[in-house]
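Let me begin by presenting the structure, written as structure tokens, before commenting on it.
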Amino acid sequence: MLDRELIRTQPEAVKAGIARKRLDTSIVDEFSRVDTEYRKVRTENDEARAESNRFSKSIGQLMAQGKREEAEEAKAKSKALKDAATDGEERERELEAALRRIELEMPNLPHESVPDGKTEDENVVVRTWGEQPVFSEAPQAHWDIAERLSLLDLPRGAKISGSGFAVYTGAGARLQRALFTFMIDHQTLRNGYREIYPPYLVNRASLVGTGNLPKFEDDLYKADEDLYLIPTAEVPLTNLYRDEILDASDLTIKLAGYSGCFRKEAGAAGKDTRGLLRIHQFDKVELVKFSLPENSYEELESLTADAEGVLQALGLHYRVIEICTGDIGAKGSKQYDVEVWSPGVGRYLEISSCSNFEAYQSRRANIRFRRAQGDKPEHVHILNGSGLATPRLFSAILESFQQPDGSVLLPEALRPYVGFERLGG
RNA sequence: GGAGAGGUCGCAUAGUGGUCUAGUGCGCCGCACUCGAAAUGCGGUGAGGCGCAAGUCUCCGAGGGUUCGAAUCCCUCCCUCUCCGCCA
């Protein structure tokens, strides 16, 4: 959600921002139309209510003074006003709901520093770390390595759940479990995040708060009337402080949570279907920050660095790209993706997406802070990023550290967690 | 799942149809007293909307209803606590 005052006073600037994202700007005009009407009706109704309240209050006093006749008169007047106001109130509720719908649909604006561009082709590589490992023979893809070493059982995953569900087996399961324990330790012990273990099912209000609803209903698994499986721990972590006013001295709040993640991937059917490239259930350590507005861009840089730190600790080559305005999506103000090199697949794969949402989510979720006693509450800036997602980390490790003898030599940092140094061989 | 109790302004409580524009205590802020502090006294102290402002409207878990008027009465739902049943 954007600041209503901003849309009212600078509609052209809002349109310009939406246009940079290559999204439909007509929603701004729609907002103005409904907002103007809403304020008019609201003011009329407020005045009618005020008048009716005045009569109502006088009734009590007149009764106390024993002026029964005058009281009856006031009663009749008040009722007439009330009846007249009923239509207006219905109209008010309709307009309020319409305004809310528009606000929830209106995209966030890109930060001025975000490079302009139409599609992902215009994203900008801002840095790379490490180098592509060199192999004497063509490196195998992780699905081949995993099958050869019995680390994954994809056919049985398809049998028990359907395509896109992975079963990790034996040493593969052990590695998988080691990965998220290692990452949680890294983010909490080294980078100072507070560990959170969240529920996997959340209510609708939480998904509206982060911006997954109403727009992305199709990608969510729904478990019950008002209960959805989380597509990422971002949802429960961000909503931890929904409808709360935080103390400025507690900011920046840094949370790290491990969770399973569930996504229908409705729009991506048939894409990246092999191995662990795109699956319906995966595991991830998510980082969420609640920041003072003036610090949020600094916090985005360090958040991205915290995500990168995991790859550095494991010695995996990666690059960081800055997402251009046309590819950034509706929610973000600025976004970096961290892409790990997957030598077997032969591509850089997104393993973390770090975003600053500014106040877009905090307005939806009503998360505010107070600078000092007596000050008006302001909306916090909220940021998040994966730190990191395990399937692509799992696959990058297999592919990057495969040995000529067919085994996989695990990075030093991981060995205490896994309990052995080599897969296979 | 069943039975009972309960959800009020940061916390604790009062309020069972009409000065409730929600009282009181604690906490917090300001002022006074003081060399300073404590104690004490006085005043203030929620959020949101509309409005240039004066002001006004909404919010007592959520939503609906009765009434001229609801924290208060009725209905539905949510949550918390106690007991029972079931259960990892």
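Every chain is numbered from 1 and lettered A, B, ... according to where its sequence line falls, protein lines coming before strand lines. Only heavy atoms go into these numbers, but all of them, side chains included; no hydrogens, no water, no symmetry mates.
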Query raised in the report: Roughly how far apart, to the nearest Å, are B:U16 and B:G23 at atom P?
Result: 15 Å
Enumerate the protein-to-nucleotides 26-29 of chain B contacts in which both atoms are nitrogen or oxygen and the separation is below 3.5 Å.
unit_1, atom_1, unit_2, atom_2, d
B:C28, O2', A:Gln373, OE1, 2.4
B:C28, O2', A:Gln373, NE2, 2.9

Report summary line: Residue pairs passing the salt bridge (charged side-chain N to carboxylate O under 4.0 Å, His left out) test with at least one member in residues 207-223 of chain A, sequence neighbours excluded, are A:Arg204-A:Glu217
Report task. Mind running salt bridge (charged side-chain N to carboxylate O under 4.0 Å, His left out) on A:Lys334 and A:Glu322 for me, showing each step along the way? Result -> CA-CA 8 Å; A:Lys334 187 180 178 76; A:Glu322 179 167 6; 2.5 Å; yes
Report task. For B:G61 versus B:A3, give the span between their C1' atoms, rounded off to a whole number of Å. Result -> 22 Å
Query raised in the report: Between B:G51 atom C1' and A:Asp35 atom CG, what is the distance in whole Å?
Result: 14 Å
Report summary line: Paired to B:U58 by Watson-Crick or G-U wobble criteria (both distances under 3.5 Å) is B:A47
Report task. With C1' as the reference atom in both, quote the distance from B:G64 to B:A54 in angstrom, rounded to an integer. Result -> 36 Å
Query - Distance-only donor-acceptor check, side chains A:Asn191 and A:Gln187, under 3.5 Å - result: yes
**Report entry** Closest listed nucleotide, where the reference is the side chain of A:Thr43 and the choices are B:G48, B:C50, B:G46
**Finding:** B:C50
Query raised in the report: Using atom P of each nucleotide, how far apart are B:U13 and B:G18 to the nearest Å?
Result: 25 Å
Report task. Provide the distance between the two P atoms, one in B:G10 and one in B:A62, to the nearest whole Å. Result -> 13 Å
**Report entry** salt bridge (charged side-chain N to carboxylate O under 4.0 Å, His left out) contacts in which one or both residues fall within residues 223-251 of chain A, not counting sequence neighbours
**Finding:** A:Glu234-A:Lys331
Query raised in the report: With distance as the sole criterion, is a donor-acceptor pair present between the side chains of A:Ser296 and A:His381 under 3.5 Å?
Result: yes
Report summary line: Rounded to whole Å, CG of A:Asn366 lies from C1' of B:G49 at a distance of 13 Å
Requested in this report: May I ask you to check whether A:Phe262 and A:Tyr228 place their ring centres under 6.0 Å from each other?
Outcome: no
Query raised in the report: If each of A:Arg8 and A:Asp375 is mapped to the nucleotide of RNA chain B with the nearest heavy atom, which maps nearer the 5' terminus, i.e. the 5' end?
Result: A:Asp375
What nitrogen or oxygen pairs link the protein and nucleotides 52-57 of chain B at under 3.5 Å?
unit_1, atom_1, unit_2, atom_2, d
B:C57, OP1, A:Asn53, ND2, 3.2
B:C57, O3', A:Arg49, NE, 3.4
B:C57, O2', A:Asp46, OD1, 3.0
B:C57, O2', A:Arg49, NE, 3.2

Query raised in the report: Is the shortest side-chain N/O distance from A:Lys376 to OP1 or OP2 of B:G48 below 4.0 Å?
Result: yes
**Report entry** Partner set under ring-ring contact (aromatic ring centres under 6.0 Å, His included) for A:His280, not counting sequence neighbours
**Finding:** A:Phe165
Requested in this report: Can you tell me the pairing partner of B:C33 across any strand shown, Watson-Crick or G-U wobble, with both distances under 3.5 angstrom?
Outcome: none
Query - Between B:C74 and B:U67 - P atom distance, rounded Å - result: 16 Å
Requested in this report: Output all residues satisfying side chain to side chain contact (heavy atoms under 4.5 Å, CB included) with A:Asp24, sequence neighbours left out; order by chain, then residue number.
Outcome: A:Ser26
Requested in this report: Report yes if the distance between the aromatic ring centroids of A:Phe290 and A:Tyr241 is under 6.0 Å, otherwise no.
Outcome: yes
Report task. Write out all pairs satisfying salt bridge (charged side-chain N to carboxylate O under 4.0 Å, His left out) with one or both partners inside residues 97-114 of chain A, taking only residues at least two apart or from two chains. Result -> A:Arg4-A:Glu103
Query raised in the report: Looking at A:Phe282 and A:Pro391, what are the two nearest heavy atoms and their distance?
Result: CB-CG, 3.3 Å
Report task. Using the C1' atoms only, state how far B:C26 lies from B:C35, rounded to an integer number of Å. Result -> 30 Å
Report task. Name all pairs fulfilling the salt bridge (charged side-chain N to carboxylate O under 4.0 Å, His left out) condition that reach into residues 360-376 of chain A, sequence neighbours left out, sorted by first residue then second. Result -> A:Glu294-A:Arg371, A:Arg371-A:Glu378
Query raised in the report: Taking only residues two or more places apart in sequence, or in another chain, which ones meet A:Glu44 in a side chain to side chain contact (heavy atoms under 4.5 Å, CB included)?
Result: A:Lys40
Expected rows: protein N/O vs nucleotides 63-70 of chain B N/O, under 3.5 Å:
unit_1, atom_1, unit_2, atom_2, d
B:C68, O2', A:Ser56, OG, 3.1
B:C68, O2', A:Ser78, OG, 2.4
B:G69, OP1, A:Lys82, NZ, 2.7
B:G69, O4', A:Ser56, OG, 3.1

Report summary line: Answer for the Watson-Crick or wobble partner of B:G10, both distances under 3.5 Å, is B:C26
Requested in this report: Write down the distance separating the C1' atoms in B:U45 and B:C33, rounded off to the nearest Å.
Outcome: 22 Å
Query raised in the report: Judged by modelled atom types alone, do A:Asn53 and A:Glu51 share a side-chain donor-acceptor pair under 3.5 Å?
Result: no
Give every donor-acceptor pair under 3.5 Å between a side-chain atom in residues 414-425 of chain A and any protein atom, sequence neighbours left out.
unit_1, atom_1, unit_2, atom_2, d
A:Arg415, NE, A:Leu410, O, 3.0
A:Arg415, NH2, A:Leu410, O, 2.8
A:Tyr417, OH, A:Asp185, OD2, 2.7
A:Arg422, NH1, A:Ser407, OG, 2.9

Requested in this report: Tell me whether the OP1 or OP2 atom of B:A47 has a side-chain N or O from A:Arg370 closer than 4.0 Å.
Outcome: yes
Query raised in the report: So which of residues 233-248 of chain A are in contact with RNA chain B, with a heavy-atom cut-off of under 4.0 Å?
Result: none
